[in-house]
Asks: 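Below are the structure tokens for one structure; questions will follow.
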Amino acid sequence: MIQVQEFFDTCTSTLTYVVWDPASRDAVVIDPVLDYDPAASKVSETSAEKVLGFIASKELRLHLILETHCHADHLSGAQAIKRKHSAAKIGIGRKITEAQKLFKDVFDFDASFKTDGSQFDLLFDEGQRVSAGSLEFRVLFTPGHTPACASYIFGEEAAFVGDALFMPDYGSGRCDFPGGDASELYRTIHDKLFSLPAGMKIYTGHDYQPGGRPLKFWATVEEERTTNVHVKPQTTCDEFVRFRTERDKTLSAPKLLLPAVQLNLRAGRMPEPHKNGRRYLTIPIE
């Protein structure tokens, strides 16, 4: 039976997870955070250090750093984790290449920016079974929030779904980013996630604590099916698309959207320094 330790970043409402086998101490990290102060354009590694401290305290062997998608609301801490665990590989769904192609033009990246996913160590295929020491999980493509979203399914115990589903009282992920598609997200939730075993725990990528309630970060598949405020088995695709489209029109862009995407398309790496030795982000003006 796997063990799961959550880490909650209050600035971005993001959940990072360490998943490990207590018998072998083999482990993976899912969706690590790099702290970023947009006013000062300064990064720090406080969140990553908490994860690293936990790994050290449990004497875990870290095999993989997994990203569920190219996040638009926080910078990836994958490189901060990898610097301390150089043998660990960074993995993401193969369709990250679609996001790279979409955003290369948005940010006017030069020809050196590759759109083949080679910034990551591993690109996963739909249905692929992946081993990390004694741990094993299945990759499930779960697009809609972005075209490149993937979930990681550990036996019949746990599914780490990123932003496809949130806690039942908060619903589902937005679909208005480039490449997002509400009908795709409907199929992801209705046809794929709701078909997982009823007692499996769905671990979410965020918790926005509606009404100020305490932190929650997992619900069973059955709880999601019966109580999710955005979609249930009887919800039609047209109903969901209409709701999601109207709701997304009311949402502001995530405050870290532009810096986050630029780093996360590069597996959390910083842009190359300019001639003056400083690194820069590109901010397009509409």
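Basis for what follows: all heavy atoms, side chains included, without hydrogens, waters or symmetry-related copies.
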Asks: Around E6, counting heavy atoms of other residues, nucleotides and ligands shown, do more than 12 lie under 6.0 Å from its CD?
Replies: yes
Asks: Regarding D125 and R94, does a basic nitrogen lie under 4.0 Å from an acidic carboxylate oxygen?
Replies: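 Salt bridge between D125 and R94, a charged N being under 4.0 Å from a carboxylate O: yes.
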Asks: Do Q262 and R266 come close enough that some side-chain heavy atom pair is under 4.5 Å?
Replies: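 They are in side-chain contact.
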Asks: Is it the case that H74 and T12 place a side-chain donor and acceptor less than 3.5 Å from each other?
Replies: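 No.
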Asks: How far apart are the closest heavy atoms of K232 and H190, and which atoms are they?
Replies: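 Where K232 meets H190 most closely, the heavy atoms are O-CD2, 3.9 Å.
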Asks: Does one hydrophobic cluster hold both F120 and V261, with members joined at side-chain heavy-atom distances below 4.5 Å?
Replies: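 Both belong to a single hydrophobic cluster.
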Asks: Out of curiosity, does L66 fall in the hydrophobic cluster containing V130 (side-chain heavy atoms, cut-off under 4.5 Å, transitive links)?
Replies: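 Shared cluster, yes.
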Asks: Is there a path of hydrophobic side-chain contacts, each under 4.5 Å between heavy atoms, that joins V229 and Y170?
Replies: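 Different hydrophobic clusters.
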Asks: Could you check whether any side-chain heavy atom of H69 comes within less than 4.5 Å of a side-chain heavy atom of F177, counting everything from C-beta outward?
Replies: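 The answer is no; the side chains never approach within 4.5 Å.
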Asks: Any chance you could lay out the side chain to side chain contact (heavy atoms under 4.5 Å, CB included) test for C70 and T146, step after step, and finish with the verdict?
Replies: CA-CA 8 Å; C70 178; T146 80; 5.9 Å; no
Asks: Please work out whether the ring planes of H206 and Y208 are parallel, tilted or perpendicular, with thresholds of 30° and 60°.
Replies: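 Parallel, since the angle between the ring planes stays under 30°.
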Asks: Between T282 and P284, which heavy-atom pair has the shortest distance, and what is it?
Replies: O-CD, 3.5 Å
Asks: Please answer: with hydrophobic residues joined when any side-chain heavy atoms are less than 4.5 Å apart, are W218 and V18 in the same cluster?
Replies: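 W218 and V18: separate clusters.
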Asks: I'd like to know if K216 and E223 make a salt bridge, using a cut-off of under 4.0 Å between side-chain N and carboxylate O.
Replies: no
Asks: Once ring pair (Phe, Tyr, Trp, His ring centres under 6.0 Å) is applied, what residue pairs with a partner in residues 262-286 remain, sequence neighbours excluded?
Replies: H274-Y280
Asks: With a 3.5 Å distance limit and no angle check, can you tell me whether R279 reaches the backbone of P271 through a side-chain donor-acceptor pair?
Replies: yes
Asks: Once the angle between the rings of F103 and F107 is folded into 0 to 90°, is it parallel (under 30°), tilted (30 to 60°) or perpendicular (over 60°)?
Replies: parallel
Asks: Can a salt bridge be assigned to the pair D116 and K114 using a cut-off of 4.0 Å between side-chain N and carboxylate O?
Replies: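 Not counted as a salt bridge, because no side-chain N and carboxylate O are separated by less than 4.0 Å.
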Asks: At their closest point, which heavy atom of P147 faces which heavy atom of G180, and how far apart are they?
Replies: CD-N, 4.4 Å
Asks: Name all pairs fulfilling the ring pair (Phe, Tyr, Trp, His ring centres under 6.0 Å) condition that reach into residues 19-41, sequence neighbours left out, sorted by first residue then second.
Replies: W20-F54
Asks: Look at the aromatic rings of F124 and Y152 and report parallel, tilted or perpendicular, splitting at 30° and 60°.
Replies: perpendicular
Asks: Measure the acute angle between the ring planes of F154 and F137, then classify it against the limits of 30° and 60° as parallel, tilted or perpendicular.
Replies: tilted
Asks: Does a salt bridge link K50 with D9, judged by any charged N lying under 4.0 Å from a carboxylate O?
Replies: no
Asks: Should E98 and K101 count as an ion pair when the cut-off is N to O under 4.0 Å?
Replies: no
Asks: On a heavy-atom basis, which atom in Y203 and which in A158 lie closest, and how many Å separate them?
Replies: CE1-CB, 3.6 Å
Asks: Do L60 and L62 pass the side chain to side chain contact (heavy atoms under 4.5 Å, CB included) test, and can you show the C-alpha distance, the side-chain angles, and the key distance before you say yes or no?
Replies: CA-CA 6 Å; L60 302 179; L62 184 63; over 6 Å; no
Asks: Give the minimum heavy-atom separation between F166 and N228, together with the two atoms involved.
Replies: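 What the structure gives for the nearest pair is O-ND2, 4.1 Å.
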Asks: Linking I/L/V/M/F/W/Y whenever any side-chain heavy atoms sit under 4.5 Å apart, do L64 and I90 land together?
Replies: no
Asks: So does T46 get a backbone contact from the side chain of D35, meaning a donor-acceptor N/O pair under 3.5 Å?
Replies: yes
Asks: Looking only at the side chains, is there a donor atom on one of S76 and N264 sitting less than 3.5 Å from an acceptor on the other?
Replies: no
Asks: Report the relative orientation of the aromatic rings in F240 and Y186; use parallel for angles under 30°, tilted for 30 to 60°, perpendicular for over 60°.
Replies: tilted
Asks: Any non-hydrogen side-chain atom of Q119 less than 4.5 Å from a side-chain atom of I96?
Replies: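 Of all side-chain heavy-atom pairs linking I96 with Q119, none is under 4.5 Å.
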Asks: Hey, are R242 and E239 close enough for a salt bridge, meaning a charged N less than 4.0 Å from a carboxylate O?
Replies: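 No salt bridge links R242 with E239.
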Asks: If every non-hydrogen atom of T235 is compared with every non-hydrogen atom of H230, which pair is closest and at what distance?
Replies: CG2-O, 4.3 Å
Asks: With the side chain counted from C-beta on, respond yes when T188 and L193 share a heavy-atom pair under 4.5 Å apart, and no when they do not.
Replies: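 Yes, at least one pair of side-chain atoms sits under 4.5 Å.
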